[in-house]
Amino acid sequence: MAKSPGHTVVEQWFKSKKWKWAPFQQEAAKAYLAGKSGLVNAPTGSGKTYSLWVPILIRHINAVAKPSSRAGKGLQVLWITPLRALSKDLFRNMEAAALEMNTTWRIGIRTGDTNTKERGDQKKQMPDALIITPESLHMLFSQKNASELFKNLHTVVVDEWHELMGSKRGTQTELALARLRTLNPDLQTWGISATIGNLEEARKVLLGMRFPIENSVVVKADTSKKILVESVLPERVETLPWSGYMGIRLVDKVIEIVNKSSTTLLFTNTRAGTEIWYRTIIDKYPEFAGIMALHHASLDREIRDWVEEALHEERLKLVICTASLDLGVDFRPVDTVIQVGSPKSIARFIQRAGRSGHRPGVDSRIYFCPTNALELIEAVSLREGVEKNILEDRPPIVQAFDVLAQWMITLAVGEGFDEVQLFEEVCDAYGYQYLNREEWEWLLGYITTGSSSLTVYDEYKKVERVNGRYMVTSRRVAQRHRLSMGTIVSDAGIKVKLQSGKYLGTVEESFATWMKAGDVFTFAGMTVEFVRMHEMTLTVKKAEGKKSFLVRWAGSRMPLSSQLSAFVRERLSDALDNPLKEVELLKLEPLLELQKERSMIPRTSELLIEQCETREGYHIFIFPFEGRLVHEGMSILLAYRLSRIKPITFSVAMNDYGFELLSDQYVNMEAVLKDTDLFSTKHLVDDIYQSVNATEMAKRKFREIASIAGLMFQGYPGQNIKTRHLQASSSLLFNVMTKYESNNLLVGQAYQEVLTYQLEEVRMRNALNRIATQTIRIRQTEKPTPFSFPIMVDRLREQLTSEKLEDRVQKMIKQYSNAD
DNA sequence: GACCTGCTGCGGCATG
């Protein structure tokens, strides 16, 4: 094959000293220049941007020489990123490369931050390359000249594709990509992804159903960088509580590590966790004032920007953060990462480890700080997972009718669409490959009449058919739609403001209304006193040295991943047969012995059930080690199945290792298991729907779906509608639609989401199938065991305030310790 | 001898 002029330029670049091309960069560059699409699998800081950006420029330089040059003809490259914060860094990188290569290319950013002037300029003349978020990209499609904008586009790059793919933002991206492929069938699409279990699937989702797979590649960066996992260990296991998730007991050990490092990131699992750690360290080690900072999503953007800046400039020794620093800017100064508590997944742990040792030849090191004794098993499991490189999948979202409905209206607000053409196009997206005509018709009906149950309300008649094209003609509808685009649905928070006027961040409505004037709480690392609350703003003043509440936020529950769960089961089993090797397990030995003494440790071929009687009643503990969501569903399922044998009610509790059924009656589990197949997968979905309050759960899910599908207007910017009002109206819509319309796709989607994400149906099924092959071991114990005690405490935690919980735990310890 | 669970992310109007 004759070499194109581009090849010569590439070869020059490969030989030039300006860029030190890693093998993966060369591979990606060559594939790109050969016209292919693909997925680059490379960690942050590996030069992944250059690996695509430089070849894009090379192609441009090459093209300018030809009369067919597209230069100056508007957008040619789109660079999609999930984070506004990343766009600035990318911009700098790209500018630098463009400058170095002497091109005339203009690069622009288009996100919500982009100011009016810049937007105006872009409207007059689009830059050659544009960095954009999925949401802003959809915004562009709601303009009247959308297809004009994209007609010369030849390349799309999606950064952090692993992050987008598993969410509705990913689905949004899929739809936009399908559109862009219609506008230019030769479009080259590239994704950049961290390592995940399902890379092949990730490529498919990115490229769509009709893309000839042989025209694409998956390029893997050489990840020879080693990750060292070290546990923060107490002198004696007794230092670690049996239950609990904060880990502050090991604060001295942690500070030792921090002092040995130049800059440390300390990850906690919760926002409240960062606040506790911050306060504890300031109290015990006041010298950290000024060189330690907090970072989580409820802190004001300004504070977070300051922290990120200071981190960059090496002015901070320690930053305590949540997942808010998982992605994003590459913090070169960071040399140490500490993870407090279970990261719940191996992939996340590796991602965090990668935040340290950004220099070539330096290994990444991550410290794991357990928060309770049993987490020592997770420490060993994590290390094994890292060594074997077992990574979790990011399953893409499918059949999200809410996102599709929004997209249809977006296009109707823009240029309008031809229904037959769009149907075909949408089916090209991975997430809608199974969409059928019937569903499509329903959606068309939904956007034009508001579905059969809402036809009397004009408000829901958004789209009209004009000359066969679906269009939005009402300005008001268009405006309201633009105001509510996107798939992220969150409650309006209460802003917290110092009397001086400085904003600290946001707390939840429920927390703010629970307090009264004079109450003191800890927030943003400060102790502050409630002064007054007015129109969604809480004014506070500094209150030094008083005892205070801790801010809590209600969040989602991340279960232990199935990969990590499997390692935990194997590790326990292994501890029975082989002498303990790892330091973590040696530390844990006394506790494992106690578990054996009071009950037993299950092998992988066994399922352990413990029963005991306390003043509270009769407890049944079951330990599938499958993560808390599966346990939640399974506990309710079992409670239901048991209650069918004889009338009995249970209260349930669970953690990542097992669950509890508590009742005032004794259940003879041996007899029950002999007669009934308690763990059967038969009629599973029916039984789940019978047992859990599926309608209530679906109703809660429906709120998000209704928001995305455009059923609920969230209010104008800055004047958000109160959470409970939104809840009420979504609940009303849910009832109406359920009652009058049996085939409502959005209601169906709500039930499906409950089943898939809240109850993890697939995983539960797998777990039940596994249990079917296991031998069930029932142990009657006199006292709660190291396995069951934490579950009991978790149940009480939900019922009691923390002071009362403390008393209860103390009492329980006295009651159940070996000394009595 | 054993206490604090609950992540992240985007976007936008009209009027004065």
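All figures in this text were calculated on a predicted structure; none of them were measured in a lab. Hydrogens, waters and symmetry mates are skipped; everything else that's a heavy atom, side chains included, is used. Per chain, numbering begins at 1; letters A, B, ... match sequence-line order.
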Considering only NZ, NE, NH1 and NH2 on the basic side and carboxylate oxygens on the acidic side, decide whether [X] and [Y] come within less than 4.0 Å.
X	Y	result
A:Glu616	A:Arg795	yes
A:Glu593	A:Lys596	yes
A:Asp300	A:Lys495	no
A:Glu235	A:Lys253	yes
A:Lys168	A:Glu753	yes

Can you check whether [X] has a side-chain N or O nearer than 4.0 Å to OP1 or OP2 of [N]?
X	N	answer
A:Ser136	B:dG11	yes
A:Arg628	B:dG6	no
A:Arg552	B:dT5	yes
A:Thr111	B:dC10	no
A:Arg304	B:dG9	yes
A:Thr270	B:dT5	no
A:Thr133	B:dG11	yes
A:Arg84	B:dG11	yes

Check every strand shown and say whether [X] touches a base, only sugar-phosphate, or nothing at a heavy-atom separation below 4.0 Å.
X	result
A:Met812	nothing
A:Arg119	sugar-phosphate
A:His296	sugar-phosphate
A:Lys344	base

- Scan residues 476-487 of chain A against DNA chain B and write down, sorted by residue number, each residue with any heavy atom closer than 4.0 Å; if none is found, say none.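 The stretch gives A:Gln479, A:Arg482, A:Leu483 as the residues lying under 4.0 Å from the strand, ordered by number.
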
Integer-rounded Å distance: [N] [atom2] and [X] [atom1]:
X	N	atom1	atom2	answer
A:Glu375	B:dA2	CD	P	18 Å
A:Ile109	B:dG11	CD1	P	11 Å
A:Leu83	B:dG11	CG	P	10 Å
A:Lys783	B:dA2	NZ	P	17 Å
A:His295	B:dG9	NE2	C1'	13 Å
A:Gln595	B:dG1	CD	P	20 Å
A:Leu240	B:dC3	CG	C1'	13 Å
A:Arg475	B:dT15	CZ	P	8 Å

Any idea which of [options] is nearest the [X] side chain?
X	options	value
A:Pro241	B:dG9, B:dA2, B:dT8	B:dA2
A:Tyr716	B:dC13, B:dC10, B:dT8	B:dC13
A:Ala323	B:dT5, B:dT8, B:dC10	B:dT8

- 5' priority, DNA chain B, between A:Ser298 and A:Phe789 [closest heavy atom]: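 Looking at the nearest nucleotide for each, A:Phe789 comes out on the 5' side.
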
- Does a sphere of radius 6.0 Å around NZ in A:Lys117 hold more than 12 heavy atoms from other residues, nucleotides or ligands, not counting ones at 6.0 Å or beyond?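 Counting neighbours around NZ of A:Lys117, 12 or fewer heavy atoms of other residues, nucleotides or ligands fall under 6.0 Å, so no.
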
- Of all residues at least two apart in sequence or in a different chain, which pass the ring-ring contact (aromatic ring centres under 6.0 Å, His included) check with A:Phe267?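 Once residues adjacent in sequence are excluded, A:Phe267 has no partner under the ring-ring contact (aromatic ring centres under 6.0 Å, His included) criterion.
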
- Report the C-alpha distance between A:Trp277 and A:Thr268 in whole Å, list the side-chain angles of each, state the deciding distance to 0.1 Å, and finish with yes or no for side chain to side chain donor-acceptor pair (under 3.5 Å). CA-CA 9 Å; A:Trp277 272 85; A:Thr268 67; over 6 Å; no

